[in-house]
Amino acid sequence: MRYVSTRGEAPVLGFSDAVLAGLARDGGLYVPEEWPHFSAADLRAMRGLAYPDLAVRLLTPFLGGEIAAPVFDKMVREAYATFRHDAVCPLVQIGPGTFVLELFHGPTLAFKDVAMQLLARLMDHVLAEQGRRATIVGATSGDTGGAAIEAFAGRERTDIFILFPHGRVSPVQQRQMTTSNAANVHALAVEGNFDDCQGLVKDMFNNHAFRDRVALSGVNSINWARIMAQIVYYFSSALSLGAPDRPVSFTVPTGNFGDIFAGYAAKKMGLPIERLVIATNDNDILARTLASGEYRTRGVVATTSPSMDIQVSSNFERLLFEASGRDAGTVRRYMGSLKQSGAFTLDAKDLSRVRAEFDAGRADTKETAATIGATLSRSGYLLDPHTATAVHVAATRPSGPVPMIVLATAHPAKFPAAVEAASGIAPALPAWLSGLMSQEEHYAVLPSEIKMVEDYVSRHTKAVR
Ligand SMILES: Cc1ncc(COP(=O)(O)O)c(C=O)c1O
Ligand SMILES: N[C@@H](CCOP(=O)(O)O)C(=O)O
């Protein structure tokens, strides 16, 4: 299996190099050259497999033979042994035909752990094989950062720098990033929003001299391995509801479009998914794009689901590549226009291909709070605000006899203020995180200026070539 850039002007890479590359050198995102495919018989044979066994079965084709089977098997088992639920990602019914897929049983209580625990092990292995170190940079609206720091803290071959928007993440999220004592961890509070942080990370990758000097790698969902690992829970949940003999639909709380793109990948791999529904908060660029065909950025507004406070949705580029029939020239045209004018308009055929697979809806802050309260009274289930946006959107699109699986991307205890205001219940952190809020914080505050950030990274990484 080889990996190609969505912009068609970067080297084609094997799996290990794609994992280390993060962003492609032409500014695009890596995608597999073709989608592995599993037949209905293959899928039936996967029913009942334990989560790690299923992950090994589904993900092995993506490795292109570059990681020995026993090594990968061990990594997967170790990654999912960090989860506090035997099923890893359990499915809970909250209403007739509506299920919640709990993705928050990992060490930092968000779905990011599912991919990050595996990615850290993959990167360690590849770096050891190549005998080198890497400087990891990541942008976060709150959850990627904590999950990455947890997964990479203390690892010998990486220094990790996480950029988060100063004052715009929840107190729990902030402490998950700022209380690590590991020498290779650097939390950077940037004076800006998530889009500024993500822009800085992409600028670092696009500065090839800097990128090569510090051996840059990325842990955002620009990294293909992040998406790859997230494919597995689409299969595990659908199989448990009768796939491939019964289709399912998914509603996904969406920001950077990585999680729902993993659902698209699962469909391309043979999973019968009827609809993929994008749920956004007030930062509704994707809902607007599906309605009008125009992708136009606006200022980010702060909401009670801060991890989805995103306007420039990175992985939408991967979908554009697919929808245009894998035409890198079209993707370059769209991305050029986005850079120049903050907008692009999808060609009619590309838009109709997107609409053929996806629906989209939004939930504002009031609707999100009302959904938390109503779901608690109806089914006794306490939602976090991100998941609540998706439960709201799913309810506006009845899926008939097809079960609707809503991805529960975070534990309510990560957002206690919003959850308490909506439900009257202040969710407590689990015992293993109970000391978090009283630990000492370490972080630097930086302006949203590329030179300042690059200088900080250069001075603090050990991976200079
Ligand atoms: C809790 C939570 N829900 C949803 C999202 C959106 O996921 P994605 O960026 O993959 O669309 C995020 C951030 O990525 C998140 O942290
Ligand atoms: N919501 C994310 C934003 C970054 O997304 P990623 O999936 O590209 O890492 C966060 O919590 O940081």
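Remember, it's 1-based here, ligands and their atoms both numbered in the order they're listed.
- The ligand atoms of ligand 2 that sit less than 4.0 angstrom from a heavy atom of Phe194 are 3 (C), 4 (C).
- Taking 4.0 Å as the cut-off, Gly255 does not count as a neighbour of ligand 2 on heavy-atom distance.
- For atom 8 (O) of ligand 2, the nearest non-hydrogen atom of the protein is Ser221 OG, 2.5 Å.
- Among the atoms of Thr140, some N or O lies under 3.5 angstrom from an N or O of ligand 2.
- Between the side chains of Asn283 and Asn281, at least one donor N or O sits under 3.5 Å from an acceptor N or O.
- For Asp359, the side-chain contact (heavy atoms from CB on, under 4.5 Å) test picks out Arg275, Val277, Arg397, with sequence neighbours left out.
- The N/O atoms of Arg226, backbone and side chain alike, include one that comes under 3.5 Å of an N/O atom in ligand 2.
- Among residues two or more places apart in sequence or in another chain, the salt bridge (Lys or Arg N to Asp or Glu O under 4.0 Å) test is passed with Glu367 by none.
- One side chain, Asp350 or Tyr334, offers a donor N or O that lies under 3.5 Å from an acceptor on the other.
- Taking 4.0 Å as the cut-off, Met308 does not count as a neighbour of ligand 2 on heavy-atom distance.
- When the heavy atoms of Ser141, Gly218, Pro253 are ranked by distance to atom 10 (C) of ligand 2, first place goes to Ser141.
- Tyr234 and Phe250 have their aromatic ring centers within a separation under 6.0 angstrom.
- Listed by chain and number, Phe111, Lys112, Asp143, Pro253, Thr254, Gly255, Asn256, Phe257, Gly258, Asp259, Ser307, Met308, His386, Thr409, Ala410 each place a non-hydrogen atom less than 4.0 angstrom from ligand 1.
- Aromatic pair Phe83/His105: centroids not less than 6.0 angstrom apart.
- Under a 4.0 Å criterion applied to the non-hydrogen atoms of Asp143, ligand 2 contributes the atoms 10 (C), 11 (O), 12 (O).
- Heavy-atom distances between Phe164 and ligand 2 stay at or above 4.0 Å for every pair.
- Those atoms of ligand 2 that come under 4.0 Å of a heavy atom in Gly142, given as number and element, are 10 (C), 11 (O), 12 (O).
- Checked against the 6.0 Å centroid threshold, Phe321 and Phe261 do not count as a close aromatic pair.
- Judged as a salt bridge (Lys or Arg N to Asp or Glu O under 4.0 Å), the pairs with a partner in residues 17-29 (not counting sequence neighbours) are, in order, Arg25-Asp212.
- Counted by atom type alone, Asn315 and Tyr264 present zero donor-acceptor pairs between their side chains at under 3.5 Å.
- Annotation for ligand 2: atoms under 4.0 Å from non-hydrogen atoms of Asn256 are 4 (C), 5 (O), 6 (P), 8 (O).
- For Glu322 and Arg326, the salt-bridge test passes: some basic side-chain N is under 4.0 Å from an acidic carboxylate O.
- Less than 6.0 angstrom separates the ring centroid of Phe62 from the ring centroid of Trp224.
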